Amino acid sequence: MKIGTPKEIFEGEARVAMTPDSALQLQKLGHECIVETGAGEMAGFSDADYKAAGVEVAKTAAALWKAADIVAKVRVPSDAEMKRLREGQTLISFFSPVADEDKMAAAAKKGATVIAMEMIPRISRAQKMDALSSMANIAGYRAVIEAGNNFGRFFTGQITAAGKVPPAKVLVVGAGVAGLAAIGTSTSLGAITYAFDVRPEVAEQVESMGAEFVYLDFEEEQQDGASTGGYASVSSPEFREAQLAKFRELAPEMDIVITTALIPNREAPELWTEDMVKSMKTGSVIVDLAAEKGGNCKLTVADEKIVTENGVTIIGYTDFPSRMATQSSNLYATNIRHLMTDLTPEKDGVVNHDMEDDVIRGATIAHEKEVTFPPPPPKVAAIAAAPKKEAPKELTAEEKREQELAAFKKQTQTQVGLIAVGAALVLAVGLVAPASFMQHFIVFILSVFIGFQVIWNVAHSLHTPLMAVTNAISSIIILGALIQIGSSSLLITLLAALSVFMASINIFGGFLVTRRMLAMFQKS
């Protein structure tokens, strides 16, 4: 089939749904590729780049829509683009099925298939197609860059001859993909970073990135993210009040606030109220990543940057990924390429739209003249929501002793059986082997036994169990090599010296690698 990508007509949109690299991969699946002239220009991809990758370049959007069997684009199609959609054609794009019910119904009526990229289920198998996560990652990074561009001080603290500059304090509300990207960028720039999320289980991720998790003194059972599509669940009114009270406490101290709380196809919850903005210091910055859906801040204006009366800058841009068009296009095009890999299992250029597949079914909102939105929940959600197993019954001290004694008896019986089998095998070999061979064979068996005991009884202190075992083995190799290094044979001496050298590299290199790994999880 022929996959086409038109030029985005949404004002200011610089991304493109197909790159020269992704086109090469799509062609390996048996598809032909076509792009509208100038489609990738704002993302840094010229028509010549596409032609070099074997992509046909259409002169007009009308010619592309007419030629393509599958149309892949970024933004929600306009009314004009919807008119060009025809029966049997497949559209892959962000779509907003809740907000654009009329367009969805029109596509179904025409007999076209529509795959909404924001509806890709958030399950492990679909991560490679998750365009929302790809774009959120870029948005989180770019939010910190935009905040820094509008903040009047350094992120990191400095002591100079002219005076001391304290580090900036950054609060990230929401620790999803965008939030974690913002946290990582903020901490790497040297700011004191705080993060809040309604899911306390993400605290470990936040703290591993060098930020401080903001806890609430409030107990509320939260739904598992796996059973709510990978997003935070809606909180109770009591929890919301406790949350807002905590934010009011933090607001006067924060220099930068980045809000990321947004669930697709829902209005953004209001988390940063007008009184919180008024309590912030002059020169503070708020970046609202939920501006497209109303904003997490009461005063956010979509697609604009405003400055309040008390000097707080509020950024409500909705095109953060588009501001890094090359990177965004590469990631988004890769998401579509992975989706096409699932749609083309035989790699023969023939699309198999399997509605029994959780990922394909979940993302399809119109198919075979029917509206297929909303999709049924993924099968994994039923597993995630399954009731927890009852905790095992606590045993008494006497029952524990009985269990330990039974386990010890079983282990002893196994060991005695293995020794008996080993002794029988040695005796059988001794009946046919010469005496000189048996002397060396018995020494070999004893060496194996002693070596095994030495290696597996090494304490795993200061380094990982794997390094403990490999270092013990290397140590035994060194001891054996040192015994042989004084041999009269030059060959044996050289081999022994080589063994000492290689085993020493393994030991010291292992410790160095382990230290580097541990340093990754330590705060600077």
Side-chain angles (χ1 to χ4, degrees), residues 1-6 8-10 13 17 61 64-66 68-123 125-126 129-133 135 227-231 234 262-268 292-294 332 335-336 338-345 350-382 385:
M1 288 189 169
K2 185 172 285 189
I3 302 175
T5 296
E8 296 295 325
I9 61 176
F10 188 89
E13 181 56 67
L64 181 134
W65 282 84
K66 185 176 180 180
D69 301 300
I70 301 170
V71 176
K73 62 188 307 295
V74 181
R75 287 280 187 168
V76 176
S78 65
D79 292 335
E81 288 174 319
M82 288 300 298
K83 289 179 181 178
R84 289 182 171 140
L85 195 62
R86 66 175 188 274
E87 184 176 359
Q89 198 171 39
T90 297
L91 172 65
I92 303 174
S93 172
F94 284 112
F95 202 90
S96 294
V98 173
D100 292 314
E101 291 184 9
D102 292 341
K103 289 181 181 179
M104 184 169 55
K109 186 177 180 180
K110 284 188 175 185
T113 296
V114 179
I115 297 177
M117 291 301 289
E118 68 266 53
M119 293 303 300
I120 295 287
R122 284 200 160 177
I123 59 178
R125 184 169 66 84
M129 314 170 207
D130 190 353
L132 278 179
S133 293
M135 299 302 102
S227 62
T228 56
Y231 297 96
V234 178
L262 181 64
I263 299 176
N265 302 316
R266 292 185 189 176
E267 286 297 311
E292 193 170 8
K293 293 293 184 179
Y332 184 69
N335 293 142
I336 289 181
H338 283 303
L339 176 63
M340 290 306 304
T341 301
D342 273 26
L343 286 169
T344 321
V350 177
V351 169
N352 176 21
H353 202 100
D354 183 8
M355 292 294 277
E356 296 298 319
D357 184 290
D358 274 345
V359 177
I360 296 172
R361 173 64 187 89
T364 303
I365 61 173
H367 184 61
E368 294 183 345
K369 295 194 174 184
E370 290 185 4
V371 172
T372 57
F373 176 85
K379 295 172 185 175
V380 293

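In this text the structure is predicted, and so the values were computed from the model without any measurement. Note: hydrogens, waters and symmetry copies are ignored here, and every other heavy atom, side chains too, is used. For this chain, numbers begin at 1 and follow the sequence in order.
- In this structure, the separation between CD1 on Ile120 and OG1 on Thr364 is 8.5 Å, given to the nearest 0.5 Å.
- Taken from CG in Leu339 to CD1 in Ile92, the straight-line distance is 5.0 Å, to the nearest 0.5 Å.
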How far apart are the C-alpha atoms of Met355 and Thr372, what are their side-chain angles, what is the distance that settles it, and do they pass the side chain to side chain contact (heavy atoms under 4.5 Å, CB included) test? CA-CA 10 Å; Met355 292 294 277; Thr372 57; 4.0 Å; yes
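- When all heavy atoms of Ala131 and Asn335 are compared, the closest pair comes out as CA-OD1, 3.3 Å.
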One pair to check against side chain to side chain contact (heavy atoms under 4.5 Å, CB included): Leu343 and Ile115. What are the steps and the verdict? CA-CA 11 Å; Leu343 286 169; Ile115 297 177; 3.9 Å; yes
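- In this structure, Met119 CE and Phe373 CZ are separated by 4.5 Å, a value rounded to the nearest 0.5 Å.
- The shortest distance between side-chain heavy atoms of Val76 and Phe10 does not fall below 4.5 Å.
- Pairing each heavy atom of Ile336 with each of Ala72, the nearest pair is CD1-CB, 3.9 Å.
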After noting the C-alpha distance and the side-chain angles of Glu292 and Leu262, does the key distance pass the side chain to side chain contact (heavy atoms under 4.5 Å, CB included) rule? CA-CA 10 Å; Glu292 193 170 8; Leu262 181 64; 5.8 Å; no
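- For Glu81 (side chain) and Ser78 (main-chain N/O), a donor-acceptor pair under 3.5 Å exists by modelled atom type.
- Judged by distance alone, the side chain of Glu8 and the main-chain N or O of Lys73 form no donor-acceptor pair under 3.5 Å.
- Side-chain atoms of Glu118 never come within 3.5 Å of backbone atoms of Leu132 as a donor-acceptor pair (strictly under, hydrogens ignored).
- One distance of note links CD of Glu267 with NZ of Lys293; it measures 6.5 Å at 0.5 Å rounding.
- Looking at heavy atoms from C-beta onward, Gln89 lies in side-chain contact with Val71 at the 4.5 angstrom threshold.
- A donor and an acceptor atom, one from each side chain of His353 and Thr113, are nowhere located under 3.5 Å apart.
- When side chains are defined from C-beta on, Lys103 counts as touching Asp79, because their heavy atoms get closer than 4.5 Å.
- Summarising the geometry of Ile365 relative to Phe95, their closest heavy-atom pair is CD1-CD2, 3.4 Å, with the distance given to 0.1 Å.
- Residues passing the side-chain hydrogen bond (donor to acceptor under 3.5 Å, both in side chains) test with Asp69, sequence neighbours excluded: none.
- Within the 4.5 Å cutoff, the side chain of Thr344 has no heavy atoms near those of the Met1 side chain.
- Here Met82 contributes atom CE and Asp102 contributes atom CG; the two are 10.0 Å apart, rounded to the nearest 0.5 Å.
- The two residues Leu64 and Gly4 have their closest heavy-atom pair at CD2-C, 4.1 Å.
- Each of Arg84, Lys83, Arg86 was checked for a side-chain contact (heavy atoms from CB on, under 4.5 Å) with Trp65, and the lone residue meeting it is Arg84.
- Considering every non-hydrogen atom in both Gly362 and Pro121, the closest pair reads CA-CG, 4.2 Å.
- With a 4.5 Å cut-off on side-chain heavy atoms, Val351 and Thr90 do not count as touching.
- With Arg125 as the fixed residue, the salt bridge (charged side-chain N to carboxylate O under 4.0 Å, His left out) test singles out one of Asp130, Asp342, Asp358: Asp342.
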As a quick check of understanding, evaluate side chain to side chain contact (heavy atoms under 4.5 Å, CB included) for Thr341 and Met129, giving each step before the final call. CA-CA 10 Å; Thr341 301; Met129 314 170 207; over 6 Å; no
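- The heavy-atom pair separating Lys369 from Gly111 by the smallest distance is CG-CA, 3.5 Å.
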